[in-house]
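These figures come from a predicted structure and were not determined experimentally. What you see below is based on every heavy atom in this structure, not just the backbone, and it leaves out hydrogens, waters and symmetry mates. We name chains A, B, ... by the order of the sequence lines, and we start the count at 1 in each one.
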There are 2 protein chains.
Amino acid sequence: MVRDRSIPEATVTRLPVYLRALVDLAEASAGTVSSDELAEAAGVNSAKVRKDLSHLGSYGTRGVGYDVAYLIHQIRRELGLTQDWAIVIAGIGNLGQALANYDGFAERGFRVAALVDADVARVGERVGDLEIRHVEDLPALVEELDVAIGVIATPANAAQVVADQLVEAGVRSVLNFAPVMITVPPGVSVRKVDLAVELQILAFYEQRKATLADVKRRGRAVADMPAR
Amino acid sequence: MVRDRSIPEATVTRLPVYLRALVDLAEASAGTVSSDELAEAAGVNSAKVRKDLSHLGSYGTRGVGYDVAYLIHQIRRELGLTQDWAIVIAGIGNLGQALANYDGFAERGFRVAALVDADVARVGERVGDLEIRHVEDLPALVEELDVAIGVIATPANAAQVVADQLVEAGVRSVLNFAPVMITVPPGVSVRKVDLAVELQILAFYEQRKATLADVKRRGRAVADMPAR
DNA sequence: CAGTGTGAACCTTTTCACAGCA
DNA sequence: TGCTGTGAAAAGGTTCACACTG
């Protein structure tokens with residue numbers, strides 16, 4: 001059967017989760033893993049694991065499971081993590097600093113190559129082993145360091161300006177932590193992480209749980225928050 | 001028509017996004033907004049906005065649009081944001097500190113009520129106007145401050161232990177920033193934010209863009225990253 | 001015979017398109 | 001006339017269940 005080149009979006013979002021679970025398993029020196037075990041570790045069900053992995057090809061062995069090391073390799077290849085990616089962080093406030101020092105990036109092939117801020121007073125300050133540069137230097141930094149991904153950690157009101165500067169400088173992918181939607185030209189990818197949004201979603205389900213107290217109001221119990 | 005009490009999960013995840021856009025619009029003193037305008041501001045399409053809002057009830061006016069202030073009120077009510085929620089942050093490293101100082105929480109009704117860390121050496125240290133407390137104090141803090149939501153900002157290896165402590169202390173909702181899956185008893189909600197996962201997803205699409213260079217390989221162009 | 005790979009059924013979400021209302 | 005609200009259609013994602021294989 002010809003393998004379809006395109007992997008469903010939902011699968012793409014889960015591959016990094018499997019990858020981490022697999023790396024943990026590898027460290028625990030597991031040679032092989034079943035879809036059941038991997039599902040458990042990733043917090044999904046095993047049918048989903050098998051479907052997802054089948055999009056990569058037939059890398060499992062019936063009656064045995066998947067070879068951990070080989071599967072790690074395949075997922076890395078599929079996600080483009082065999083190379084490492086240089087990222088630039090724009091906006092070195094609390095969040096920017098936390099991101100600059102976040103070990104999870106380096107562990108997974110993302111190298112924080114540069115830090116920029118619009119505040120001239122901050123320029124020259126050291127964070128970890130990088131020096132904060134002025135945002136005006138972006139074009140040179142992107143070019144020099146071959147930066148592919150820009151991370152926006154500025155306040156909301158600066159985000160669009162910085163996004164424009166990143167794009168102008170040649171960055172093609174943007175991860176936006178600012179609590180505002182930014183617009184970019186076609187061909188540039190954006191993902192948005194909004195810390196407060198996640199809390200609001202939790203609050204919704206928390207509130208709904210409280211409603212469980214007066215269950216008698218209706219026949220059917222109020223649903224629990226769906227597992228992800 | 002009887003309005004169904006249950007709002008689709010996909011809609012719940014978008015309500016906070018609409019809410020923010022609406023608050024921005026309100027600040028720009030817009031009295032009314034059409035589904036088209038709101039869609040633009042939220043980065044989705046207008047049919048989705050109308051479907052989503054229709055789950056809250058019929059709050060729009062045909063030929064005119066939605067009353068911004070009223071819609072804000074309705075979404076807040078639906079999300080349970082009319083009260084404010086006390087949260088505790090566990091693990092006061094770089095990320096924990098950034099979260100403790102993050103304005104976006106307070107702005108949206110989340111009050112950081114306590115900070116805890118397992119490292120006794122950190123106890124007593126001040127971050128903003130809170131003092132770091134020892135993780136052992138969790139039960140007392142949760143009780144006293146009526147904490148509903150716990151945020152885990154510890155390293156991966158401490159996350160499960162802290163999650164257990166939070167649940168033990170009475171927290172019913174957990175936002176997990178640690179790069180590991182945690183398990184909790186039924187009835188406790190967990191959402192997970194993984195900073196590196198988002199980067200990995202971007203890398204996937206970035207890599208795919210690179211593949212566009214050799215478009216001739218196949219008839220159909222490689223798809224762009226789907227908009228969220 | 002344990003566990004993958006996968007059609008088929010099912011469910012959720014998105015999009016379309018337009019009737020109906022202010 | 002302009003824009004909401006919503007059935008109906010389409011797309012996308014999940015789960016089931018089992019044939020098949022190492």
**With B:Asp36 via side-chain contact (heavy atoms from CB on, under 4.5 Å) - residues at least two apart** = B:Ser34, B:Ser46

**Message:** Applying side-chain contact (heavy atoms from CB on, under 4.5 Å), can you list everything that pairs with A:Gln165, at least two apart in sequence or on another chain?
**Reply:** A:Val135, A:Glu136, A:Leu138, A:Val161, A:Val162

**Message:** A quick test of your reading: do over 12 heavy atoms of other residues, nucleotides or ligands sit less than 6.0 Å from CD of A:Glu40?
**Reply:** no

Quick one: is [X] getting a side-chain N or O under 4.0 Å of the [N] phosphate, OP1 or OP2?
| X | N | answer |
| --- | --- | --- |
| A:Tyr66 | D:dG22 | no |
| B:Tyr59 | D:dC3 | no |
| A:Thr61 | C:dT4 | no |
| B:Ser35 | D:dT4 | yes |

**Asked** Pick one: which of B:Ile182, B:Val188, B:Val190 meets side-chain contact (heavy atoms from CB on, under 4.5 Å) with B:Val167?
**Response**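 Considering B:Ile182, B:Val188, B:Val190, a side-chain contact (heavy atoms from CB on, under 4.5 Å) with B:Val167 is found only for B:Val188.
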
**Item:** For B:Tyr66, the option from B:Leu53, B:Leu25, B:Thr32, B:Leu22 that meets side-chain contact (heavy atoms from CB on, under 4.5 Å)
**Value:** B:Leu53

Send over the distance from [X] [atom1] to [N] [atom2], rounded to a whole Å.
| X | N | atom1 | atom2 | answer |
| --- | --- | --- | --- | --- |
| B:Gln74 | D:dT4 | CD | P | 17 Å |
| B:Arg62 | D:dT4 | CZ | P | 10 Å |
| B:His55 | C:dT14 | NE2 | C1' | 11 Å |
| A:Leu56 | C:dT6 | CG | P | 12 Å |
| B:Asp67 | C:dA22 | CG | C1' | 15 Å |
| A:Asp36 | C:dC1 | CG | P | 18 Å |

**Message:** Can you tell me how far apart NZ (A:Lys209) and CZ (A:Phe204) are? Round to the nearest 0.5 Å.
**Reply:** 12.0 Å

**Asked** Rounded to the nearest 0.5 Å, how far does CD of A:Gln97 lie from CG of A:Asn94?
**Response** 6.5 Å

**By salt bridge (charged side-chain N to carboxylate O under 4.0 Å, His left out) - contacts of B:Arg62 (at least two apart)** =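 In terms of salt bridge (charged side-chain N to carboxylate O under 4.0 Å, His left out), with neighbours along the sequence ignored, B:Arg62 is linked to no residue.
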
**Message:** Reading DNA chain D from 5' onward, which residue's closest nucleotide shows up sooner: A:Gly63 or B:Leu53?
**Reply:** B:Leu53

**Message:** Tell me which residues in residues 24-31 of chain A lie within less than 4.0 Å of DNA chain C, going by non-hydrogen atoms.
**Reply:**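 Listed by number, there are none.
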
**Request:** Would you mind building the protein contact string for nucleotides 10-18 of chain D? One character per nucleotide, 5' to 3', B for base within reach (heavy atoms under 4.0 Å), S for sugar-phosphate only, - for untouched.
**Result:** ---SSB-B-

**Asked** In chain order, what residues pass the side-chain hydrogen bond (donor to acceptor under 3.5 Å, both in side chains) check against A:Ser173, with sequence neighbours excluded?
**Response**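 With sequence neighbours excluded, A:Ser173 shows a side-chain hydrogen bond (donor to acceptor under 3.5 Å, both in side chains) to B:Glu206, given in chain and number order.
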
